[in-house]
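Working notes for the structure below.
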Amino acid sequence: MRRRTDVDGSLSPVLMPGRILEELSSHALERKLEECCGLIVGDDRERYQRLVRCRNEMTQRHERDPLRYPRDGTEAFYMNEHDYQRAQEEAEAEGLRVTAVYHSHVGGAAYLSTMDLEFAESEWFPFPDAEHIVISLSNGAVSELGLFSRRGLDDVFRGRSLKALLP
Ligand SMILES: [Zn+2]
């Protein structure tokens with residue numbers, strides 16, 4: 001059975017600064033037909049401080065090697081390594097760290113797919129402690145935002161909806 005993790009409506013929503021939610025939504029809307037991806041950096045005091053966009057190079061990988069990369073950027077994302085490494089270095093120089101990784105789903109709900117879970121749980125994933133945010137787009141608008149986190153590397157991911165933190 002294919003496994004996936006959906007937003008659990010019985011869990012309380014996660015609050016995030018409104019400007020970060022707007023930046024997540026506008027990145028997803030600008031990319032429109034392809035999945036967008038990027039990082040959020042922060043610290044324990046302010047977990048969601050700054051958003052860093054990364055390039056999704058899945059379409060280029062798919063075109064070069066469709067056997068290895070059967071999906072293109074409309075259905076999957078592959079974060080450009082230079083983009084995320086630079087973001088990580090810049091965050092560390094400021095005393096921050098990568099607290100969340102985000103991507104969008106074009107025409108799908110805000111859930112972690114089998115592929116998303118494999119990526120998040122694989123041993124080479126660069127940010128094992130990070131949360132995952134999925135922005136779902138339907139009919140050209142943002143329909144749902146979900147945040148997926150786990151208590152430790154042996155735990156399973158749980159999904160909660162994302163709401164704006166009012167000032
Ligand atoms: Zn996904």
Side-chain angles (χ1 to χ4, degrees), residues 1-9 11 13-14 16 20-42 47-48 51-85 87-88 98-153 155-163:
M1 197 177 79
R2 288 173 71 81
R3 126 196 122 97
R4 62 181 252 180
T5 300
D6 288 277
V7 168
D8 182 347
L11 300 176
V14 176
M16 186 172 284
I20 298 283
L21 285 182
E22 279 167 30
E23 286 185 51
L24 287 167
S25 298
S26 53
H27 193 192
L29 288 168
E30 279 173 42
R31 296 300 299 160
K32 262 187 204 144
L33 299 175
E34 291 210 341
E35 297 193 2
C36 71
C37 60
L39 308 168
I40 294 176
V41 301
R47 199 166 171 81
Y48 313 109
L51 179 144
V52 186
R53 293 180 174 200
C54 294
R55 283 168 289 179
N56 174 6
E57 59 182 42
M58 194 56 110
T59 295
Q60 293 90 315
R61 284 178 179 266
H62 170 71
E63 283 168 0
R64 278 202 303 265
D65 189 352
L67 284 177
R68 189 161 170 208
Y69 302 102
R71 296 156 203 255
D72 66 11
T74 63
E75 294 184 296
F77 72 104
Y78 194 106
M79 234 182 331
N80 179 281
E81 280 178 23
H82 298 288
D83 289 358
Y84 76 70
Q85 282 167 359
Q88 187 175 28
V98 172
T99 52
V101 178
Y102 72 85
H103 73 283
S104 60
H105 284 169
V106 182
Y111 63 92
L112 287 184
S113 66
T114 305
M115 214 170 39
D116 292 333
L117 285 163
E118 279 169 8
F119 177 56
E121 291 168 353
S122 74
E123 56 189 57
W124 49 265
F125 180 66
F127 311 111
D129 302 326
E131 298 170 334
H132 290 259
I133 295 168
V134 179
I135 308 133
S136 97
L137 289 181
S138 63
N139 300 320
V142 172
S143 55
E144 189 185 13
L145 288 141
L147 183 138
F148 303 83
S149 60
R150 54 182 175 174
R151 290 193 196 95
L153 300 189
D155 194 17
V156 293
F157 280 97
R158 286 182 180 78
R160 297 159 72 184
S161 63
L162 264 179
K163 295 260 181 315

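Just so you know, ligand 1 is whichever comes first in the structure, and atom 1 is the first atom listed for that ligand.
- Electrostatic pairing of Glu35 and Arg71 does not count as a salt bridge here, judged by no charged N lying under 4.0 Å from a carboxylate O.
- Proximity of Phe127 to Gln88: side-chain heavy atoms (C-beta onward) are separated by under 4.5 Å at one or more points.
- When atom types are taken as modelled, the side chain of Asn56 and the backbone of Gly38 share no donor-acceptor pair closer than 3.5 angstrom.
- Protein contacts to the Zn ion (ligand 1) involving N, O or S atoms at a distance below 2.8 Å are His103 NE2, His105 NE2, Asp116 OD1, Asp116 OD2.
- In this structure, Phe77 and Phe119 have perpendicular ring planes: the angle between them is above 60°, well past the 30° mark.
- Partners of Pro126 under the side-chain contact (heavy atoms from CB on, under 4.5 Å) rule, at least two apart in sequence or in another chain, are Tyr84.
- Under the 4.0 Å criterion applied to side-chain N and carboxylate O atoms, Asp8 and Arg158 are not assigned as salt-bridge partners.
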